[in-house]
2 protein chains.
Amino acid sequence: MSGESDTTEKMTAALRKAGIRVTRQRIALLGVLADADDHPDAVELHERAKLIEPSVSLATVYRTLSVLEEGGVVHRHAFQGGGARFETTHEEHHDHILDVDTGEVIEFQSDKIEQLQDEIARDLGYEVVHHRLELYCRKTR
Amino acid sequence: MSGESDTTEKMTAALRKAGIRVTRQRIALLGVLADADDHPDAVELHERAKLIEPSVSLATVYRTLSVLEEGGVVHRHAFQGGGARFETTHEEHHDHILDVDTGEVIEFQSDKIEQLQDEIARDLGYEVVHHRLELYCRKTR
DNA sequence: AATAAGAATGATAACGATTCTCAAAGATAA
DNA sequence: TTATCTTTGAGAATCGTTATCATTCTTATT
């Protein structure tokens, strides 16, 4: 039996793997991110991280998010209104539907759209470095 | 022969048509927007408007841009990095390619992509209210 | 385990883009 | 022309985020 939680070990390993120095704050924040199945902003992540590691400051949350982003561990999204929101990098690329009434975020993926994007760019003499596709939607009921 | 410029008359008419009160500042800003073939931000629009009407303040530029947006006269875009950028509402809807090296903005339009978006949303029980599609690209040479 | 060197941290100031406040000036309709 | 209501300029305030800096912590090396 170890004194360290399973999550701590996992996050430590993940940080080392990404070549990022391991600190209590980073373990806490990465744990929070791994647990989140929504797309929280920095302030929300700060709230959650404080429950695990009360000393984390908002400045460190922002700094760590940038570090994790550079390390390819998280993605930053700048949806309309409010600040940036984050999610851990998982399997395949996806885009987002945003429910304009509830603020809920749904992920989707379409090879067809990706192909069309490449095609359009190519025809204009460009290649796509990255893109942003957000559908602001309302539930049809 | 009129003492008023042709542009002034046109902008005045456009404002009245949109049900927006006519002021010197608004005429100037709308004239600048109509002339712009790029996608300037508020500060840039302020610079240009001051050449026509030196008294315009940045606050009024922001206020007027919101009014014009509500009136459907201009569109506001929040591209990555920096502040919002604006363009007059012209003919058909379009999306944007952004040259990541030069900052240049190219417009494009694809019915196919629009259709696919609607389809994807529909399948998930949503209808698209509006969307954001930006391709961050590099010239292939 | 002790250490040295560099990196990360918390607190808070600073920042850029945008909005708000409020008294003064202006536009519109009667 | 007047009365009413809107818009304006100047600057303060706000929001999300980044920078500063002295202190604390990680890490690699003993």
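In what follows, chains are A, B, ... by sequence order, proteins preceding strands, each numbered from 1.
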Chemist: Of the candidate nucleotides dT8(D), dT19(C), dT9(C), which contains the atom at the shortest distance from the side chain of Tyr62(B)?
Modeler: dT19(C)
Chemist: Nearest whole angstrom, please: distance from the P of dG16(D) to the NE2 of His77(A).
Modeler: 19 Å
Chemist: Rounded to whole angstroms, how far apart are CZ on Arg16(B) and C1' on dA27(C)?
Modeler: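 One finds 9 Å between C1' of dA27(C) and CZ of Arg16(B), rounded.
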Chemist: With a 4.0 Å cut-off, would you call Asp101(A) and Lys139(A) a salt bridge?
Modeler: no
Chemist: What integer distance in Å separates Lys50(B):NZ from dA10(D):P?
Modeler: 10 Å
Chemist: Check the phosphate of dA19(D) against Arg63(A), side-chain N and O only, distance under 4.0 Å to OP1 or OP2. Yes or no?
Modeler: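 Result: no.
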Chemist: Within the pair Ser55(A) and dG10(C), is there a side-chain N or O less than 4.0 Å away from OP1 or OP2?
Modeler: yes
Chemist: Using a 4.0 Å heavy-atom cut-off across all strands, classify Arg76(A) as base, sugar-phosphate, or nothing.
Modeler: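 Result for Arg76(A) = nothing.
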Chemist: Of all the choices, dT17(D), dG10(C), dT18(D), which nucleotide is nearest to the side chain of Ser57(A) once you look at every atom?
Modeler: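 In terms of side-chain proximity for Ser57(A), the closest of dT17(D), dG10(C), dT18(D) is dG10(C).
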Chemist: Looking only at side-chain atoms of Ala59(B), point me to the closest of dA10(D), dT9(C), dG26(C).
Modeler: dA10(D)
Chemist: Do Ile97(B) and Phe108(B) have side chains that approach each other closer than 4.5 Å (heavy atoms only, starting at C-beta)?
Modeler: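 Result yes, sub-4.5 Å side-chain heavy-atom pair found.
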Chemist: Once you round it to whole Å, what is the distance between P of dT18(D) and CG of Asp41(A)?
Modeler: 13 Å
Chemist: The side chain of Gln25(A) lies closest to which of these nucleotides: dG10(C), dT17(D), dG9(D)?
Modeler: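 Nucleotide nearest to Gln25(A)'s side chain: dG10(C).
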Chemist: Parallel, tilted or perpendicular: which describes the rings of His77(B) and His39(B), with under 30° parallel and over 60° perpendicular?
Modeler: tilted
Chemist: What's the CG-C1' distance between Leu58(B) and dA12(D), to the nearest Å?
Modeler: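 Checked: the CG to C1' distance equals 14 Å.
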Chemist: On the 0 to 90° scale, with breaks at 30° and 60°, tag the His94(B)-His96(B) ring pair as parallel, tilted or perpendicular.
Modeler: perpendicular
Chemist: Taking the side chain of Thr23(A) as its heavy atoms from C-beta onward, which of dT20(D), dG9(D), dA8(C) lies nearest to it?
Modeler: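 Between dT20(D), dG9(D), dA8(C), the one nearest the side chain of Thr23(A) would be dA8(C).
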Chemist: Figure out the CG/C1' separation between Leu15(A) and dA8(C), and round it to whole Å.
Modeler: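 Result: 13 Å.
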Chemist: Does a nitrogen or oxygen in the side chain of Arg26(B) sit under 4.0 Å from OP1 or OP2 of dT8(D)?
Modeler: yes
Chemist: Nearest of dT18(C), dT8(D), dT17(D) to any side-chain atom of Ala42(B)?
Modeler: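 In terms of side-chain proximity for Ala42(B), the closest of dT18(C), dT8(D), dT17(D) is dT18(C).
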Chemist: Arg21(B) side chain N/O closer than 4.0 Å to the phosphate oxygens (OP1, OP2) of dT28(C)?
Modeler: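 So the side chain of Arg21(B) is outside the cut-off, no N or O lying under 4.0 Å from OP1 or OP2 of dT28(C).
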Chemist: Roughly how many Å is it from CD in Glu69(A) to C1' in dT17(D), rounded to a whole number?
Modeler: 13 Å
Chemist: Does Arg48(B) come within less than 4.0 Å of Asp38(B), counting only side-chain N to carboxylate O?
Modeler: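 Judged by the 4.0 Å cut-off on N to carboxylate O distance, Arg48(B) and Asp38(B) do form a salt bridge.
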Chemist: Write down the distance between CD (Glu70(A)) and P (dA8(C)), rounded to a whole number of angstrom.
Modeler: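 Rounding to the nearest Å, CD of Glu70(A) and P of dA8(C) are 11 Å apart.
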Chemist: Taking the nucleotide of DNA chain C with the nearest heavy atom to each, does Val43(B) or Thr64(A) sit closer to the 5' end?
Modeler: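 Nearest nucleotide further toward 5': that of Thr64(A).
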